[in-house]
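Quick note: residue numbers are just sequence positions, from 1.
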Amino acid sequence: MTQWLVNVDWLEIGRACWDTLVMVGVSLFFAVLLGLPLGIALFLTGKRQLLEQPLVYAVLSFVVNLLRSVPFVILLIVMIPVTVVLVGTSLGVPGAIPPLVVGGAPLFARLVEAALREVDRGIVEATQAMGATVPQIVFGALLPEALPGILAGVTVTSITLVSYAAMSGVIGGGGLGDLAIRFGYQRFQTDVMVITVALLVVLVQLLQMLGDRLVLRFSRR
C-alpha cells in the first residue's frame, strides 16, 4: 500500500485538483451571473405572473430546454469553434470554461424559476397592494424569500459542474477528469483512477455540506 502511494505523482494530482477547482469556480460564477436573470425572466413572463408574456416565455423556455437537452460531451465538441473564438483554445482549463457555462446556466435558470414559484403568492400581492414596482417586488420580496431555494440551486449547479468538468477531460479539458483519462484509463494506472474518483467524491461532499449550511443559515422557516 505504501509503495502504491509512493508511485503516484502527487504534484500532478495537486495541479489537476487546482485546475478542477478553477474550472468549477469560474464557470459557476458565470453560470449564476447568466442564469439568475434568465431564471427571473422565465418566472416573470410565465403564466399568471407579473409580466406575463406567453411568446417571450415560450422562446426563453425553448432555448433553455434546447441547451439542457444536449449531452455535455456532445456540447463540448459542438462548441469547439465558439470556444476557440472566445478564449483562443479548446484545450486545458480555458477551453473547458465556455462549455461549462453554457451547460450550467440553463440548469441554474430553471432552478431559480422553480425557487421563485415556491414563494407565497400572498407576499407578492401584498407588495403590489403597497404600490411597489416590478423591480421592487423582485429585489425586495421575491429574491429574499426565494434565497434558500436559490442557494440550493447554486449547490446543485456546482455539483453538476464538477461532473461536467470531469467529462471535459475527454477533449483535453484539464483537471481531474483529464488526469483520470490520460493516466488512469489510457495508461492503465488504477491507482491514479482510484485517487481521482476519491477526490471527486470528497469535492462533491464538501460542496453539498457547504450548500446545506448556507441554505439553513438563510432559511426563514
Side-chain angles (χ1 to χ4, degrees), residues 18-46 49-51 53 56-57 59-70 72 75-76 78-80 82-90 92-119 134-168 173-175 203-204 206-208 210-211 213-215 217-218:
W18 174 251
D19 286 347
T20 297
L21 291 174
V22 170
M23 284 192 291
V24 173
V26 174
S27 60
L28 179 63
F29 173 79
F30 285 106
V32 171
L33 192 66
L34 297 174
L36 182 60
L38 181 56
I40 294 173
L42 282 167
F43 171 77
L44 292 177
T45 57
Q49 300 303 335
L50 297 172
L51 301 175
Q53 293 287 340
V56 175
Y57 180 82
V59 172
L60 292 176
S61 184
F62 174 78
V63 172
V64 168
N65 290 340
L66 177 65
L67 293 174
R68 290 185 61 196
S69 65
V70 179
F72 186 70
L75 183 64
L76 282 169
V78 170
M79 280 197 62
I80 286 177
V82 178
T83 302
V84 171
V85 171
L86 291 175
V87 299
T89 180
S90 63
V93 174
I97 289 176
L100 286 171
V101 174
V102 173
L107 169 63
F108 183 64
R110 281 300 188 192
L111 294 173
V112 169
E113 181 189 12
L116 291 173
R117 289 186 185 276
E118 292 296 319
V119 176
V134 173
Q136 288 173 332
I137 293 173
V138 171
F139 293 102
L142 283 172
L143 289 181
E145 289 294 324
L147 184 58
I150 293 174
L151 290 174
V154 172
T155 303
V156 171
T157 304
S158 65
I159 291 173
T160 302
L161 288 174
V162 171
S163 175
Y164 286 174
M167 279 189 276
S168 70
L203 178 57
V204 168
L206 290 175
L207 288 172
Q208 187 65 61
L210 177 60
R213 284 181 177 272
L214 288 174
V215 170
R217 169 68 177 80
F218 290 97

**Report entry** Pair Val78-Val70, side-chain contact (heavy atoms from CB on, under 4.5 Å): steps then yes or no
**Finding:** CA-CA 10 Å; Val78 170; Val70 179; 5.6 Å; no

Query raised in the report: Is there side-chain contact between Leu210 and Leu206, with heavy atoms separated by less than 4.5 Å?
Result: no

Report summary line: Which of Leu86, Val85, Val87 passes side chain to side chain contact (heavy atoms under 4.5 Å, CB included) with Thr83? Answer is Val87

Report summary line: From the list Leu143, Thr45, Leu142, side chain to side chain contact (heavy atoms under 4.5 Å, CB included) with Ile40 holds only for Leu143

Query raised in the report: Is the count of non-hydrogen atoms from other residues, nucleotides or ligands lying under 6.0 Å from Arg213 atom CZ greater than 12?
Result: no

For [X] against [Y], the heavy-atom pair lying closest together:
X	Y	answer
Ala152	Val215	N-CG2, 3.6 Å
Pro148	Phe218	CG-O, 3.5 Å
Ala146	Val119	CB-CG2, 3.7 Å
Ala31	Phe108	O-CD2, 4.0 Å
Ser168	Leu76	CA-CD1, 3.5 Å
Phe43	Gln49	O-CG, 2.9 Å

Query raised in the report: How long is the gap from CD on Glu113 to CG on Leu44, to the nearest 0.5 Å?
Result: 10.0 Å

Report task. Nearest 0.5 Å please: distance from the CG atom of Leu75 over to the CZ atom of Arg68. Result -> 13.5 Å

Could you give the side-chain donor-acceptor pairs of residues 158-167 under 3.5 Å, partners two or more places apart or in another chain?
{"residue": "Ser158", "atom": "OG", "partner": "Val154", "partner atom": "O", "Å": "3.3"}
{"residue": "Ser158", "atom": "OG", "partner": "Thr155", "partner atom": "O", "Å": "2.7"}
{"residue": "Thr160", "atom": "OG1", "partner": "Val156", "partner atom": "O", "Å": "2.9"}

**Report entry** Between Arg110 and Ser61: side-chain donor-acceptor atoms closer than 3.5 Å
**Finding:** yes

Identify each donor-acceptor pair in which a side-chain atom of residues 93-107 lies under 3.5 Å from a protein atom, sequence neighbours left out, and give them as a table.
none

Requested in this report: Hey, could you give me each pair passing salt bridge (charged side-chain N to carboxylate O under 4.0 Å, His left out) that has a residue in residues 32-44? Not counting sequence neighbours.
Outcome: none

Query - Candidate pair Val64 and Leu38, rule side-chain contact (heavy atoms from CB on, under 4.5 Å), full reasoning - result: CA-CA 9 Å; Val64 168; Leu38 181 56; 3.7 Å; yes

